[in-house]
**Q** 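Here it is: the structure, laid out below.
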2 protein chains.
Amino acid sequence: MARSSPNIREVAVRAGVSVGTVSNVLNRPELVAEQTRERVHAAITALGFVRNDSARQLRVGQSRTIGLVVLDVANPFFTDVARGVEDLANRHGLAVILCNSDENPQKEASNLDLLAEMRVQGVLINPVDESDGRVAALRERGTPVVLFDRCGDPVNECSVAVDDLLGGRLAAQHLIDSGHRAILFVGGPATLQQVRERHDGALNAVLTSDADVDLRVLATPALNVAAGRAAGDEIAAMSASELPSAVFCANDMLALGVLQALTYAGLRVPQDLAIVGYDDIDFAAAAAVPLTSVRQPRQLLGRTAAELLLAETTEVDHEHQQVVFEPELVVRDSSRASR
Amino acid sequence: MARSSPNIREVAVRAGVSVGTVSNVLNRPELVAEQTRERVHAAITALGFVRNDSARQLRVGQSRTIGLVVLDVANPFFTDVARGVEDLANRHGLAVILCNSDENPQKEASNLDLLAEMRVQGVLINPVDESDGRVAALRERGTPVVLFDRCGDPVNECSVAVDDLLGGRLAAQHLIDSGHRAILFVGGPATLQQVRERHDGALNAVLTSDADVDLRVLATPALNVAAGRAAGDEIAAMSASELPSAVFCANDMLALGVLQALTYAGLRVPQDLAIVGYDDIDFAAAAAVPLTSVRQPRQLLGRTAAELLLAETTEVDHEHQQVVFEPELVVRDSSRASR
DNA sequence: TCCTTCACATGAAACGATTCATCTCTCCGG
DNA sequence: CCGGAGAGATGAATCGTTTCATGTGAAGGA
């Protein structure tokens, strides 16, 4: 094995200066005379010195990373959000640790524990359910936590969300306007605030409609393509009387799964069954039947969440904010009455 | 601001024991008597103590994380690989830091610098180009580095790859067998080994074919949907004599982009132009025209890479290995002569 | 009674960087 | 020639753990 990294002392010896000076070269180079600086840099490259971040962090008490906990890395919605977060973080010299909770409270908890031990500067999280106290504990210890893609408590926390009630209403209203009277909402688990609100928004549209519309719910265990396929199979197996005329899925991954299963079962979209998704991920437009979806400003969501987090870490007396963006319905073939 | 976290000493005082004992409760609980252990645990929860990982790491000299550097987090291929890595890492109590190089050598370099400062246990990387020495430096400092999705130097490093030459050949052979005589390879940048080898494999098939096949190249700046759309626009603008009869894309993201642009321009797939992609991401099967693609064992790739990394960190005298998986052609509508 | 074990518990010495009060020069004005 | 200012350099103290050699007290055997 190669011997371990040289430390700052060895660099100091080699450059013929004190350790304090080496540290200054690293952190406040303007305090060091130019020739000394050069000598130190030469020593650093000669020895292949790499600063030990844990020592630095221990002394300074602050890390240079933020944590981002998402429900599903495989969902392009979240990777787009992550890109927004990363953009802003990198610009401020911060690294992003991307964690995956898989919609699983236990994985979420262990991720949060890890981030807490790391003393990250802050955490962005789309929580699986009502927090188990870990988020509150983190905040109490002085680590800012910003919720994204869901609303938070205005007094205690910042949050960035997209109006899911409105999104749900837009989707359902569109289906009602297109003549659908039997709509099936596909989504779950209900612990996710997004799922509940998208459903409630749809319900809202149904209740305020003059028409007599039936809204039912098909619960799924997760929001991914596999769960969508399973739901699609269930739908395809329904009797003619049960069969809805339109399906509103809580996100696009589900919708793509449903679409695949329905097509496989010989049902035509949109002629036999219309589908509306949610998120408008890039793949929605490229699907077998281009998917009608509710578009959210994904990168902007991430960037804004990161901005709020940074504000909370730097501002002296910080006012918690709730930012809410408006979603937008994008109509494509999967819900068009006729082509 | 809430005062900072209590430390192990405060816990010790509260529990009426020494700091060494608290540390033992945390790390080797079997060494401490049950009632003491309980007292310490009570103190820990009462104070809300969270272990400071930088101090731990500084002392131990080892972190409990590994780094994973991918070309593009937005590409489902890499998130699937990441899931495989994560699975195995979590099972060994390790956390994964997911970094994004965006096919950009500078971002890659700064990510590697960061991981080096963090003293990660190891790094899994799909390098952008021939290494700039940073990988070698990392390895020299004692941090194992495993390459994935590309072959490495058998003497110095472990790697896990899928046979891209074979994959390229399979794709091209399939097109040749389907009667195509003018094939366009779409991909880039050429610094990526994957791109070069997939092309070379295709070229190989063309050269060994009895038929008189023309293989041209359309270089793209990246391997994402946007680059694919741009390439598609270029193809759609070609004169009848230039127009190929089939397109082989270096990955599915490109292929989906090309498909979108061609469809938009009024060209029919596969009647006017066949398309073959690479990776067989989940969205390939769900595309407007289900995409023929070369399937790679994505999760397995990640898991195996992580296994090799762990082996390298634990085994005393470690033999570097080159694992190579075989890809598989999945034929779908986008390259079928007639439906 | 004495000695040996055994089971815990202890606390001081690292780990490697940062920080800051202190020191050393050099230069310049009077 | 002296005093003071200012620019750089210094090095000891510090951050919070882990580790390990050492200490203590009780139990058991001779």
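What you are looking at is a predicted structure, and each value in this text was computed from that prediction instead of being measured. Every chain is numbered from 1 and lettered A, B, ... according to where its sequence line falls, protein lines coming before strand lines.
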**Q** Of the options Ile8(A), Asn24(A), Val25(A), which is the one that meets Val40(A) in a side-chain contact (heavy atoms from CB on, under 4.5 Å)?
**A** Val25(A)
**Q** Rounded to the nearest Å, what distance is computed from the CG atom of residue Leu47(B) to the P atom of nucleotide dG16(D)?
**A** 14 Å
**Q** Separation of Arg37(A) atom CZ from dA7(D) atom C1', in whole Å?
**A** 13 Å
**Q** Output one line per pair: protein atom, nucleotide atom from nucleotides 20-24 of chain D, and distance, for all N/O pairs under 3.5 Å.
**A**
none

**Q** In this structure, how many angstroms lie between the P atom of dA17(C) and the CD atom of Glu117(B), rounded?
**A** 10 Å
**Q** Using whole Å, what does the distance between atom P of nucleotide dA21(C) and atom CG of Leu31(A) come to?
**A** 14 Å
**Q** Do any side-chain nitrogens or oxygens of Thr21(A) fall under 4.0 Å of OP1 or OP2 in dT10(D)?
**A** yes
**Q** Quick one: do Arg119(B) and Asp53(A) make a salt bridge, cutoff under 4.0 Å?
**A** no
**Q** State whether Asp129(B) and Arg150(B) are salt-bridged, where the test is any N-O pair (Lys NZ or Arg NE/NH1/NH2 against Asp/Glu carboxylate O) under 4.0 Å.
**A** no
**Q** For Ser18(B) and Asn7(A), take the nucleotide of DNA chain C holding the closest heavy atom to each; which residue's nucleotide lies nearer the 5' end?
**A** Ser18(B)
**Q** Which one, dA9(D), dA12(D), dA9(C), comes nearest to the side chain of Val19(A)?
**A** dA12(D)
**Q** Hey, can you pull the residues of residues 51-66 of chain A with a non-hydrogen atom under 4.0 angstrom from DNA chain D?
**A** Leu58(A), Arg59(A)
**Q** Could you check whether Arg134(B) and Asn111(B), counting side-chain N and O atoms only, form a donor-acceptor pair closer than 3.5 Å?
**A** no
**Q** May I have the distance from Ile8(A) (atom CD1) to dC15(C) (atom C1'), rounded to whole angstrom?
**A** 14 Å
**Q** Run the side-chain contact (heavy atoms from CB on, under 4.5 Å) test on Leu223(A) and Asn75(A) for me, step by step, so that the C-alpha distance in whole Å, both residues' side-chain angles and the decisive distance to 0.1 Å come before the verdict.
**A** CA-CA 9 Å; Leu223(A) 292 174; Asn75(A) 183 343; 5.8 Å; no
**Q** Assign Val22(A) to base, sugar-phosphate, or nothing according to its heavy-atom contacts below 4.0 angstrom with the strands shown.
**A** nothing
**Q** Closest approach to the side chain of Ala33(A), judged atom by atom: which nucleotide of dA9(D), dT19(D), dT18(C) is it?
**A** dA9(D)
**Q** To the nearest 0.5 Å, how far apart are CD in Glu86(A) and CG in Asp102(B)?
**A** 7.0 Å
**Q** Using atom CD of Glu10(A) as one end and atom P of dA17(C) as the other, report the distance to the nearest whole Å.
**A** 9 Å
**Q** Determine the sole option in Val85(B), Leu147(B), Asp149(B), Val160(B) for which the side-chain contact (heavy atoms from CB on, under 4.5 Å) test with Leu124(B) is passed.
**A** Val85(B)
**Q** Return the minimal non-hydrogen interatomic distance between Leu138(A) and Leu112(A), and the atom names on each side.
**A** CD2-CD2, 4.2 Å
**Q** Arg39(B) CZ to dT10(C) C1': how many Å, rounded?
**A** 14 Å
**Q** Between dT18(C) atom C1' and Leu26(A) atom CG, what is the distance in whole Å?
**A** 10 Å
**Q** Think Thr36(B) has a side-chain N or O under 4.0 angstrom from the OP1 or OP2 of dA9(C)?
**A** yes
**Q** Checking side-chain polar atoms at under 3.5 Å, does Asn224(B) have a donor or acceptor matched by the opposite partner on Glu103(B)?
**A** no
**Q** Looking only at side-chain atoms of Val32(A), point me to the closest of dT19(D), dA9(D), dT10(C).
**A** dA9(D)
**Q** Between the main-chain N or O of Val73(A) and the side-chain N or O of Asn100(A), is there a donor-acceptor pair closer than 3.5 Å?
**A** yes
